Amino acid sequence: MAAPNATEHAAKRRKTRQDSGSITIGGKTISFAGYLAPSQPKKQIEASSGPKPILPSSTHEQQSNSTLKQAIDQTTKPGLPDKKGTYNKSQSTNGTGNQALLKTRRELPIWQHQDEIRTVVKRIGTDVIVIVGETGSGKSTQVPQFLYQEPWCKRHKVKLPGRQEDGYVGGMIAITQPRRVAATTLAHRVSTEAGTPLGKGRPDGLVGYSVRFDHQVPRGARIKFLTEGTLLQELLRDPYLKQYSAVVIDEIHERSLDVDLLAGFLKQILSGDKTERGGIPLKVIIMSATAEVGVIQEFFGSGATPGTEKASNVEVLRIKGRQFPVTISYEPRPVADLQDALLKKIFKIHVEEPLPGDILAFLNGQEDIEAAQRLIEEYATTLASNVPKIIAVPLYGQLSIEAQRLAFQPARSPMTRKVVLATNIAETSVTVPGVRYVVDSGKSKVKQYRPRLGMESLLAKPISKSSAVQRAGRAGREGPGKCFRLYTEEAFDAMQGSDLPEILRNDVLGAVLTMKARGIHDVLAFPLIDAPETAAIEMALLHLHFLGALNDDGTITPAGETMARFPLSAPLGAVLLAASGPEFDCVLEVIDAISCLTSGDDIFIHVQSEEGAEEVEEHRKDLQRREGDIITYLTTMQLYAAENSDRIEWCKKRKINIRNMKQALNIRRQLRGMCWKEKLFSEMPPPDPQPFTPLSPDKAEAVIKCFLRGFAMRTAMLAPDGSFVTVNGKHVVAIHPSSVMHGQKKEAIMFLEHVYTNKNYAKKVSAIQATWIAEALGR
DNA sequence: GAGCACTGC
């Protein structure tokens with residue numbers, strides 16, 4: 001919290017205190033009238049009518065959305081088996097499941113629909129069933145349990161084309177999730193409800209999960225939770241998903257790129273030749289939390305894909321959710337100054353609305369959040385003594401875990417209202433408990449790829465109607481709530497219905513490679529719910545050709561097949577393959593760099609204060625290299641791996657994100673394993689820790705030249721005026737301040753990311769020589 | 001001199 005002294009006079013300029021009965025912000029007076037005095041009963045709202053909140057752990061939306069929340073919850077859930085699958089013996093394993101939890105399950109809205117769901121899914125001729133279930137309906141945990149004992153869900157011994165002996169088809173239900181935490185916690189929950197253990201190799205387990213770096217699928221598992229990406233990878237090995245009787249696609253409304261690809265592949269399986277599955281049909285269950293499933297219905301139901309027999313039959317089931325009512329109010333006129341309007345609204349709520357009831361405000365990003373926090377703290381110091389205190393807590397993805405934890409904890413002192421200032425992280429990814437009031441700025445920052453420029457932008461844009469509804473819903477999780485929209489009703493009406501699906505916002509390079517690796521020759525004809533522009537796909541095809549993933553005739557090369565198997569972007573896959581060639585021979589070094597580059601957010605934590613930044617710079621001296629960011633990342637990994645006393649302390653000192661660094665080490669292990677299998681290097685390195693030897697300049701040059709094989713198009717030359725001009729497109733780019741190359745002038749640079757925010761920025765920058773670009777381009 | 005959110009056999 002900012003020291004009040006430092007900002008006191010600034011606060012006084014904007015705010016004058018009149019008497020204890022009102023507060024004036026920016027010229028507007030807010031009366032304390034109607035305020036619940038501290039002497040009155042605190043728990044006024046609790047007696048209100050409305051559905052009874054179900055157990056927090058019985059809907060996955062509440063239990064699984066946040067790693068942090070999960071971490072907190074895990075300490076308070078004695079009933080759950082631990083990761084190794086140790087299990088409470090008192091729980092039933094006779095197939096009827098955990099009796100104690102059965103009562104909770106029966107109370108879920110979806111419970112009454114189980115016969116209906118079974119009947120529709122069983123019906124011959126129905127291939128696709130769409131289940132619309134609002135938040136809290138229990139669909140994610142219950143639907144697979146309703147279905148796995150059905151006769152059609154058995155494993156079938158069948159004759160498969162091109163095989164002498166009989167093969168097996170079906171027996172398992174796959175259920176996909178967009179996020180790892182959701183997949184793992186749902187699996188834990190469902191295995192507990194079923195009363196069977198979770199864990200690799202367990203013979204008696206019914207439920208399992210499979211996510212990157214973590215596969216816990218018991219032998220004989222019938223229900224398997226996985227991330228969408230994992231199922232896509234399985235599709236590369238098993239194009240007809242022969243191990244599954246049904247695939248449940250959950251949270252399709254989020255429209256991730258992976259889910260759109262999955263939908264396309266499923267449509268092809270449904271409308272294609274069943275002989276590859278020995279005549280056993282695949283049931284597809286699509287689940288959405290939003291009612292707008294018209295496009296989904298249309299997609300699976302309409303026109304057979306080219307060269308196939310028929311369109312699928314689609315049935316839609318709608319299930320009520322459990323949500324308290326939320327009153328929505330709008331601004332009468334468009335607001336001129338969003339920050340100002342936000343502040344007024346927050347204090348208006350604070351003085352007019354009863355406690356308890358925290359406020360959740362949705363803002364654009366870190367910058368706005370920090371500014372709002374400062375202002376709230378300034379005003380808070382001038383509140384009358386008989387008014388409850390107010391504290392502002394920021395919540396955004398880049399915050400440390402400890403800082404995020406504050407947003408989930410109740411205010412420490414009594415009679416204090418907490419205001420959580422959040423990005424759209426609080427819209428779907430995490431649930432902040434205790435919220436009764438939502439303030440919605442109506443905007444969020446969106447990343448959008450511009451295929452023709454080969455760059456992306458990150459700009460604040462109006463949110464969609466469904467986002468606005470989702471934000472408002474956050475006020476009704478624990479009781480009736482209120483949502484204050486800082487925009488007019490007309491502005492709401494003018495918002496687009498839903499967010500642009502990721503496939504229309506992202507580079508489709510990886511998507512096109514996935515299709516090619518799955519044998520889709522004509523990618524323009526691949527069935528997609530929303531097809532990207534033809535130009536975007538053509539750019540991706542050209543790019544893949546440049547990377548060596550496609551032949552001149554558009555068919556995939558062996559290198560392309562390998563790249564598709566790597567858990568990396570196509571350019572990074574190309575870099576890895578280049579590194580394995582005799583010319584460069586630096587696979588292990590490139591893996592070290594790539595591991596750090598791809599471990600989620602930046603491993604280097606950004607320090608705001610100037611003094612802090614200087615201190616960190618001092619401690620990071622041993623990591624930083626003048627060759628640029630790639631070699632700096634590489635050195636960081638090597639020093640971290642060489643560290644044999646205290647890695648956590650080592651990270652703390654250098655302000656390195658410990659979680660991301662651990663993840664980087666994980667990725668390094670996975671990539672080493674995969675490259676070993678692909679025979680990309682000949683000798684397994686000795687185990688860590690090994691003594692550190694700085695990378696020689698020659699080796700550094702080789703590593704950077706490997707990266708040029710993937711990123712030759714992302715290069716810029718120094719212009720006479722000192723700016724950098726991109727080789728491809730001739731745009732002026734500035735080196736991002738997060739780069740070790742920031743403020744330096746080199747003959748030419750290569751950058752791995754190109755983002756437009758308030759400037760055209762090159763990120764992850766390395767110094768190169770102009771002749772290297774020609775070399776990489778002219779192969 | 002600055003970063004919405006996720007994710008991969």
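Quick caveat, the model's predicted, so the values are computed rather than measured. Naming: A, B, ... by sequence-line order, numbering from 1 per chain.
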Nearest listed nucleotide, side chain of [X], among [options]:
X: Glu502(A); options: dG1(B), dG8(B), dA5(B); result: dA5(B)
X: Tyr761(A); options: dA2(B), dC4(B), dG8(B); result: dA2(B)
X: Val181(A); options: dG8(B), dT7(B), dA5(B); result: dT7(B)

Residue closer to the 5' end of DNA chain B, Glu370(A) versus Met674(A) (nearest nucleotide):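 Its nucleotide being nearer the 5' end, the pick is Glu370(A).
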With a 4.0 Å cut-off on heavy atoms, is [X] in touch with a base, just the backbone sugar-phosphate, or nothing at all?
X: Leu236(A); answer: nothing
X: Ile425(A); answer: sugar-phosphate
X: Thr227(A); answer: sugar-phosphate
X: Thr598(A); answer: nothing
X: Gln366(A); answer: base
X: Gln670(A); answer: sugar-phosphate

Neighbour count above 12 (heavy atom, 6.0 Å) for Lys242(A) NZ: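 Counting other residues, nucleotides and ligands, NZ of Lys242(A) exceeds 12 neighbours.
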Any donor-acceptor N/O pair, Glu502(A) side chain to Ser256(A) backbone, under 3.5 Å: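 No, Glu502(A) side chain to Ser256(A) backbone: no donor-acceptor pair under 3.5 Å.
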No-H, no-angle donor-acceptor pair, Arg179(A) side chain to dC6(B) base, under 3.5 Å: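 No pair found.
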Rounded to whole angstrom units, what separation is found between the [atom1] atom of [X] and the [atom2] atom of [N]?
X: Phe213(A); N: dC9(B); atom1: CZ; atom2: P; answer: 7 Å
X: Arg471(A); N: dA5(B); atom1: CZ; atom2: P; answer: 12 Å
X: Arg505(A); N: dC6(B); atom1: CZ; atom2: C1'; answer: 10 Å
X: Asn364(A); N: dA5(B); atom1: CG; atom2: P; answer: 12 Å
X: Leu363(A); N: dA5(B); atom1: CG; atom2: P; answer: 12 Å
X: Leu395(A); N: dA5(B); atom1: CG; atom2: C1'; answer: 12 Å
X: Ile503(A); N: dC6(B); atom1: CD1; atom2: P; answer: 21 Å
X: Tyr449(A); N: dC4(B); atom1: OH; atom2: C1'; answer: 19 Å

Under-4.0 Å side-chain N/O to phosphate OP1/OP2 contact, Ser738(A) with dA2(B):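 The answer is no; no side-chain N or O of Ser738(A) sits under 4.0 Å from OP1 or OP2.
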dC6(B) phosphate, OP1 or OP2, under 4.0 Å from Arg180(A) side-chain N/O: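 Arg180(A) to dC6(B) OP1/OP2: no side-chain N or O under 4.0 Å.
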Parallel, tilted or perpendicular, as decided by the 30° and 60° cut-offs, for the rings of Trp676(A) and Phe681(A):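 Judged by the thresholds at 30° and 60°, the geometry between Phe681(A) and Trp676(A) is tilted.
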Set of residues satisfying side-chain contact (heavy atoms from CB on, under 4.5 Å) with respect to Glu276(A), sequence neighbours excluded: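 side-chain contact (heavy atoms from CB on, under 4.5 Å) check on Glu276(A) returns Pro161(A), Tyr240(A).
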Pairs flagged by salt bridge (charged side-chain N to carboxylate O under 4.0 Å, His left out) wherever residues 454-465 of chain A is involved - sequence neighbours left out: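 For residues 454-465 of chain A, and leaving out neighbouring residues, the salt bridge (charged side-chain N to carboxylate O under 4.0 Å, His left out) pairs sorted by first residue read Lys447(A)-Glu456(A).
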Side-chain heavy atoms of Leu568(A) within contact of Leu671(A), under 4.5 Å: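 In contact.
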